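Hydrogens, waters and symmetry mates play no part in the numbers below; they use all other heavy atoms, side chains included. We're numbering straight along the sequence, starting at 1. Every value quoted in this text rests on a predicted model; they were computed, and no experiment measured them. In listed order, ligands and their atoms are each counted from 1.
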Amino acid sequence: MLPWVYYEKLAKLAVRKGVNVQKDQPVVISACVRDAAFVRLLVKEAYEAGARYVEVNWSDVELTRMDYTYQSLETLQDVPQWLYDRRKTDNEAGACYLTVRSDAPGALDGLDPEKIHAVNVAVSRKMRPLRNYTMNNEGQWCIFGLPSVEWAVKIFPDLPAQEAFDKLEEAIFAVSRVTADGNPIAAWDEHDSNLMGYGKKLTDRQFTALHFTSGLGTDITVGLVKDHIWVGGGCFTPKGVYFDPNIPTEECFCMPEKTGTNGIVYASKPLSYQGRVIENFWLRFENGKVVDFGAEKEVDTLRKLVEFDEGSSYLGEVALVPYDSPVSRSGILFFNTLYDENAACHLALGACYPENLRGGTEMSEEELAAHGANNSMTHCDFMFGTADMDIDGILPDGTRVPVFRKGNYVI
Ligand code: ZN
Ligand code: ZN
């Protein structure tokens, strides 16, 4: 295990840079009981940053498994009102949200997938009115990961548990830019400004579409909404508080025009969805909608995603990630989207981010839809970037501008 000072630095990074806690702001932390020692560091750091109060929502995957095993579907689907009210109260108090992830991929394997799916739909439906708070960056939020033995042995099944943990731990701190002697906050300031630079260049061009090709067979044109904004690095709340919602982040992302995607995309990495791993899959789009798909493994799980609701068969995000990113260079498949999406260019089925449209965060759902934004109760990223990926930006007059060559920016 790495010295504790790494964990202290990570806690500081998450509180000061991740959510950027403001004086007198409530902080809500979601974490697993296995990470209790680390969560105490987070809570202390949050109070030192001026938090009014810090609330921790504990979870435990073994207890979750028992709930799914012993509770009836009706009970599980009956999302309690107090859960809704608590979140609403925190939103109204202007809270920021920190989520610590350390669960193993496939932690719900062996349970009834129909039950898990039905419960996910019920929870999404109930909490939907409250989702805009984070989806629109009304308040700060940040998701980041911590290594766990359970997770490590899934990634490195051939290694002894301790060795696997050490490898995952080293990788997580490296891609989070937390080192023994460096200053992670300064490193993130620089990283953010690089990403914002690419975001600005892309936004200034206002491409009508991007055309992606790769040796895997991907040949897809993704239309972009008019007046789009490429977002990279951190975000601002309406009050002007700067924060980094994901640690790590390597992407610049934008909003596809709902009906503007045509062609075929081949995933370049497996996708972990609802505790299952979908492998070697492809999707074919016509006028924005998935019209055909296939997978070597878990095609039924892929179907559940595509058919989750009306919007989950359309794109809500297109994101550029250089093949030379630290996550990509680590060569590790984390089986966790937070990391894996930063290893490669990705697309997301489902809801868009209104911040990717000029004035979008102030628009109603109807106005957003009129601008070509997709809406859904889900948002699921999948990776399709490769070392040989080429991307052309297409200007309104049809001119093509090279954006990526061989997996990296040339713009
Ligand atoms: Zn993304
Ligand atoms: Zn996404």
Side-chain angles (χ1 to χ4, degrees), residues 18 97 99 101 120 124 131-132 134-137 141-145 175-176 191-192 194-196 198-199 202-203 210 212 220 222 224-225 228-235 243-258 261 265 267-274 278 283 290 305-306 308-309 311-323 325-328 333-357 360-361 368 373-386 389 391 403-404 407 409:
Y97 293 91
T99 303
R101 292 266 165 81
N120 277 331
S124 303
R131 262 184 46 155
N132 280 353
T134 46
M135 235 16 213
N136 286 356
N137 298 329
W141 55 281
C142 173
I143 303 177
F144 68 104
V175 302
S176 308
H191 178 50
D192 275 340
N194 283 337
L195 288 173
M196 286 167 89
Y198 284 121
L202 289 163
T203 302
L210 295 179
F212 297 84
I220 191 169
V222 178
L224 301 173
V225 292
H228 59 252
I229 301 172
W230 284 89
V231 177
C235 312
F243 69 102
D244 275 295
N246 287 340
I247 298 173
T249 180
E250 304 290 340
E251 65 175 341
C252 274
F253 63 99
C254 198
M255 190 190 294
E257 202 279 317
K258 183 169 178 177
T261 296
V265 58
S268 54
K269 290 184 189 290
L271 169 64
S272 177
Y273 180 68
Q274 295 191 350
I278 310 167
L283 301 159
V290 177
L305 167 60
V306 172
F308 188 89
D309 60 16
S312 67
S313 59
Y314 290 86
L315 294 180
E317 179 192 349
V318 53
L320 307 188
V321 178
Y323 196 75
S325 85
V327 184
S328 169
L333 184 65
F334 290 83
F335 293 107
N336 181 318
T337 300
L338 175 63
Y339 295 88
D340 294 328
E341 75 160 355
N342 285 302
C345 291
H346 56 272
L347 297 169
L349 289 169
C352 68
Y353 290 100
E355 65 183 304
N356 285 129
L357 177 62
T361 54
L368 282 167
N374 187 33
N375 194 358
S376 167
M377 285 189 296
T378 192
H379 173 102
C380 186
D381 297 281
F382 63 93
M383 275 49 80
F384 74 114
T386 54
M389 175 153 275
I391 309 172
V403 175
F404 263 44
Y409 281 110

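For the residue pair Thr361 and Asn136, no side-chain donor N or O sits within less than 3.5 Å of a side-chain acceptor on the partner.
When the shell of 6.0 Å around CZ of Arg101 is examined, it contains 12 or fewer heavy atoms from other residues, nucleotides or ligands. Crowding of Tyr323 atom OH: a count of heavy atoms from other residues, nucleotides or ligands under 6.0 Å not exceeding 12.
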**Report entry** Worked verdict on Val222 versus Phe212 for side-chain contact (heavy atoms from CB on, under 4.5 Å)
**Finding:** CA-CA 8 Å; Val222 178; Phe212 297 84; 3.9 Å; yes
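Here the Zn ion (ligand 1) is the vertex; the OE1 atom in Glu251 and the OE2 atom in Glu317 give an angle of 100° (to 10°).
Counting just the N/O/S atoms of Asp381, the one with the shortest distance to the Zn ion (ligand 2) is named OD1.
The Zn ion (ligand 2) does not have Cys380 among its coordinating residues (no N/O/S atom, backbone or side chain, under 2.8 Å).
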